[in-house]
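By convention here, the first residue in the shown sequence is residue 1.
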Amino acid sequence: MLIVQKFGGTSVGDLERIQNVANRIAKTVEAGHQVVAVVSAMSGETNKLVGYAEHFSDEPVRAEVDMLLSSGERVTASLLSIALNAMSHKALSMSGRRAGIMTDGMHTKARIESIDPSVMQDLLSDGNVVVVAGFQGVNEKGQVTTLGRGGSDLSAVAVAGALKADLCEIYTDVEGIYTTDPRIEPKAKKLDKISYDEMLELASLGAKVLQNRSVELAKKLNVNLVTRSSFSEAEGTLITKEENIMEEPLVSGIALDRSQARISLSGVIDRPGIASDIFGRLADSDVNIDMIIQTSGHDGTTNMDFTVPMNELGDAKRVVEQFISNNEIKEYGYDESICKVSIVGVGMKSHTGVAAKAFQTMADENINILMISTSEIKVSMVIAEKYAELAVRSLHSVYELEK
Ligand code: ASP
Ligand code: MG
């Protein structure tokens with residue numbers, strides 16, 4: 001098999017850990033596989049470099065920031081290759097450029113446009129381990145670019161896609177994706193397999209494990225992803241296409257999002273185009289809306305509730321206040337002490353009663369549901385934040401996720 005193994009910052013956090021990574025790669029090679037390793041900077045390194053740049057300027061020249069930050073991954077890549085060679089394994093490290101990773105010109109948050117894997121392929125067929133510095137590419141002018149924080153996951157998935165690798169393993173300090181946050185529900189179970197779409201919906205559970213952008217890319221390029229720990233031999237979680245999952249569970253996991261706030265508008269002038277005006281203006285102010293509820297109007301006005309990320313609440317309030325001064329909204333309120341609990345599972349598509357069961361669970365616990373939204377594979381409920389943990393635990397038990 002051709003396996004891309006990506007090692008995050010903590011997995012290469014010091015020299016001993018880099019040696020461990022080298023040992024793991026050596027084992028994979030000895031088992032008869034070809035390996036491309038994609039590495040992050042040693043943990044804390046990128047932040048340190050960002051701090052250096054900010055010593056000189058609040059807005060350091062972005063192209064130079066890319067030159068600077070890309071060095072962190074190169075340090076790890078070369079050290080790992082040195083370690084492998086010292087173990088008599090042929091290995092070669094390379095920057096994003098030599099790996100053929102072409103990006104657009106958006107310094108510090110570039111997008112990968114194409115990958116020419118021919119250099120990597122030649123070296124692999126010569127029996128080398130190829131070690132790629134993650135998080136970086138090169139634009140058409142030949143300048144180094146970086147892919148945005150956490151971007152080495154993306155490098156790994158893109159490289160795996162370009163090489164048509166059999167597997168892309170993402171090594172972190174977590175053993176995989178769990179049915180819910182084990183800090184809330186100690187009975188949470190590690191999932192063996194999950195579909196791309198479920199993973200995207202369960203983003204809050206995987207937030208520390210995988211960047212969402214990389215899951216989207218994996219889905220697009222059809223890359224089989226495995227997240228697992230570099231500190232144990234435990235099998236991780238396979239993230240793959242739905243067809244590869246034989247037994248589709250009704251519910252795969254329970255996600256909790258505490259980062260949203262709710263805004264309630266009342267006395268909104270009920271005319272065609274008002275929603276477009278309000279939400280258009282919010283979008284122009286870069287406010288990301290998650291859930292929206294509009295109640296049926298009477299007397300020419302209506303009510304609307306929506307949720308926004310907590311850190312965009314200030315911007316959202318400014319937009320709403322403009323509508324109030326134009327007399328298009330009578331008044332508004334907001335609530336920061338809410339959370340969103342979601343149950344996610346592909347099996348829901350073909351079963352009824354899944355949502356009803358979630359509502360019943362909230363009723364049994366005397367938890368008032370403030371907002372509801374559903375999709376084919378998800379039911380989300382906004383509730384008071386003080387019930388977050390109770391809700392997660394009850395749902396986890398009702399859908400028997402500990403089994
Ligand atoms: N080193 C970069 C960062 O800390 C990229 C990565 O680790 O994925 O954001
Ligand atoms: Mg990372």
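Residue I194 comes nearest to I245 through the heavy atom pair C-CD1, 3.4 Å, listed as atom of the first residue, atom of the second, then distance. Here the shortest heavy-atom pairing between A41 and E73 reads N-OE2, 2.9 Å. Here the closest heavy-atom approach between residue G72 and residue T76 is recorded as O-OG1, 3.3 Å. Nearest approach of I112 to A158, heavy atoms of both residues: CD1-CB, 3.6 Å. The shortest non-hydrogen separation linking A99 to V132 is CB-CG1, 3.9 Å. The shortest heavy-atom contact between E365 and L390 is OE1-CD1, 3.7 Å.
Without hydrogens or angle criteria, D153 side chain to Q211 main chain gives a donor-acceptor distance under 3.5 Å. Side-chain atoms of S285 never come within 3.5 Å of backbone atoms of V287 as a donor-acceptor pair (strictly under, hydrogens ignored). For the pair R393 (side chain) and I184 (backbone), a donor-acceptor distance under 3.5 Å is present. When atom types are taken as modelled, the side chain of T302 and the backbone of T295 share a donor-acceptor pair closer than 3.5 angstrom. Judged purely by atom type and a 3.5 angstrom limit, S155 uses its side chain to pair as donor or acceptor with the backbone of F135. With hydrogens and angles ignored, the 3.5 Å screen pairs a side-chain donor or acceptor of Y399 with a backbone N or O of A358. Within the 3.5 Å criterion, the main-chain N or O of G142 finds a donor-acceptor partner in the side chain of R97. One N or O on the side chain of E198 and one on the backbone of S195 form a donor-acceptor pair closer than 3.5 Å. Within the 3.5 Å criterion, the main-chain N or O of M102 finds no donor-acceptor partner in the side chain of N139. Looking at E175, its side chain never comes within 3.5 Å of a backbone N or O of G236 through a donor-acceptor pair.
More than 12 heavy atoms of other residues, nucleotides or ligands shown are found within 6.0 angstrom of CZ on F231. For R74, the CZ atom is loosely surrounded, since the number of other residues' heavy atoms within 6.0 Å does not exceed 12. For Y52, the OH atom counts as loosely surrounded, since its 6.0 Å shell holds 12 or fewer non-hydrogen atoms of other residues, nucleotides or ligands. Within a 6.0 Å radius of CZ in F279, more than 12 heavy atoms belonging to other residues, nucleotides or ligands are found. More than 12 heavy atoms of other residues, nucleotides or ligands lie within 6.0 Å of NZ in K349, so this atom counts as buried by the packing criterion. The environment of K317 atom NZ is dense: over 12 non-hydrogen atoms of other residues, nucleotides or ligands sit within 6.0 angstrom. Counted within 6.0 Å of CD on E140, heavy atoms from surrounding residues, nucleotides or ligands total 12 or fewer; the atom is thus considered open. Under a cut-off of 6.0 angstrom, the local environment of NZ in K219 is sparse, with at most 12 non-hydrogen atoms contributed by other residues, nucleotides or ligands.
C339 places a side-chain heavy atom less than 4.5 Å from the side chain of I383. Within the 4.5 Å cutoff, the side chain of K357 has heavy atoms near those of the V398 side chain. Taking 4.5 Å as the limit, every side-chain heavy atom of H33 sits out of range of all side-chain heavy atoms of L167. Annotation: side chain of Q136 is not in contact with side chain of D66 (no heavy-atom distance under 4.5 Å). You'll find the side chain of I269 stays beyond 4.5 Å of the side chain of F323, heavy atoms only. Using a 4.5 Å heavy-atom cutoff, the side chains of T180 and L395 are not in contact. Considering only heavy atoms from C-beta on, M106 stays 4.5 Å or farther from R111 through its side chain. The shortest side-chain heavy-atom distance between V4 and E169 does not fall under the 4.5 Å cut-off.
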>> Is there a salt bridge (Lys or Arg N to Asp or Glu O under 4.0 Å) between K48 and E45? Walk through the geometry before answering.
In response: CA-CA 5 Å; K48 189 180 88 187; E45 220 31 53; 3.0 Å; yes
>> Go through it in stages, so that I can follow the logic: the residues are M348 and V379, the test is side-chain contact (heavy atoms from CB on, under 4.5 Å), and I'd like the CA-CA distance, side-chain angles, deciding distance and then a yes or no.
In response: CA-CA 9 Å; M348 266 182 226; V379 178; 4.2 Å; yes
>> One pair to check against side-chain contact (heavy atoms from CB on, under 4.5 Å): L370 and M291. What are the steps and the verdict?
In response: CA-CA 11 Å; L370 305 171; M291 284 197 213; over 6 Å; no
>> Working note: D181 + L256, criterion side-chain contact (heavy atoms from CB on, under 4.5 Å); need CA distance, chi angles, decisive distance, verdict.
In response: CA-CA 8 Å; D181 185 342; L256 174 64; over 6 Å; no
> Does the pair V131 and L84 meet the rule for a side-chain contact (heavy atoms from CB on, under 4.5 Å), with working shown?
Replying inline: CA-CA 10 Å; V131 186; L84 283 162; 4.3 Å; yes
> Given the rule in the side-chain hydrogen bond (donor to acceptor under 3.5 Å, both in side chains) test, do Q19 and N23 qualify, once you have shown the distances and angles that lead to the verdict?
Replying inline: CA-CA 6 Å; Q19 182 63 59; N23 297 346; 3.0 Å; yes
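From R24, atom CZ reaches atom CZ of R17 across 13.0 Å, with rounding to the nearest 0.5 Å. The CD atom of Q143 lies 4.0 Å from the NE2 atom of H107; values are rounded to the nearest 0.5 Å. Separating the CG atom in D197 from the OG atom in S375 is a distance of 9.0 Å, to the nearest 0.5 Å. L123 contributes atom CG, which lies 5.5 Å from atom CG of L92 (distance to the nearest 0.5 angstrom). Atom CD of E64 is separated from atom CZ of F56 by 12.0 Å, given to the nearest 0.5 angstrom. Atom CG of residue L265 and atom CD1 of residue I292 lie 10.0 Å apart, to the nearest 0.5 angstrom.
Comment: D315 engages R318 in a salt bridge, judged by a side-chain N to carboxylate O separation of less than 4.0 angstrom. The pair E389-R183 fails the salt-bridge criterion, with no side-chain N (NZ, NE, NH1 or NH2) lying under 4.0 Å from an Asp/Glu carboxylate O. At a threshold of 4.0 Å, the pair E400-K189 does not count as salt-bridged, since none of the basic side-chain nitrogens sits closer than that to a carboxylate oxygen. Ion pairing between K190 and E235 fails under the 4.0 Å rule for side-chain N and carboxylate O.
Looking only at atom types and distance, the side chain of Q5 has a donor-acceptor partner in the side chain of T28 under 3.5 Å away. Residues S342 and E201 bring no donor and acceptor atom of their side chains to less than 3.5 Å of each other. Side-chain contact of N326 with Q322: a donor-acceptor pair under 3.5 Å is absent, judged by distance alone. No side-chain donor from either of S93 and S81 sits under 3.5 Å from a side-chain acceptor of the other. For the residue pair D257 and S259, a side-chain donor N or O sits within less than 3.5 Å of a side-chain acceptor on the partner. With hydrogens and angles left out, the side-chain atoms of S118 and D116 include a donor and acceptor closer than 3.5 Å. Looking at N212 and E216, their side chains never bring a donor and an acceptor atom within 3.5 Å of each other.
Using cut-offs of 30° and 60° on the angle between ring planes, the pair Y171 and F7 is parallel.
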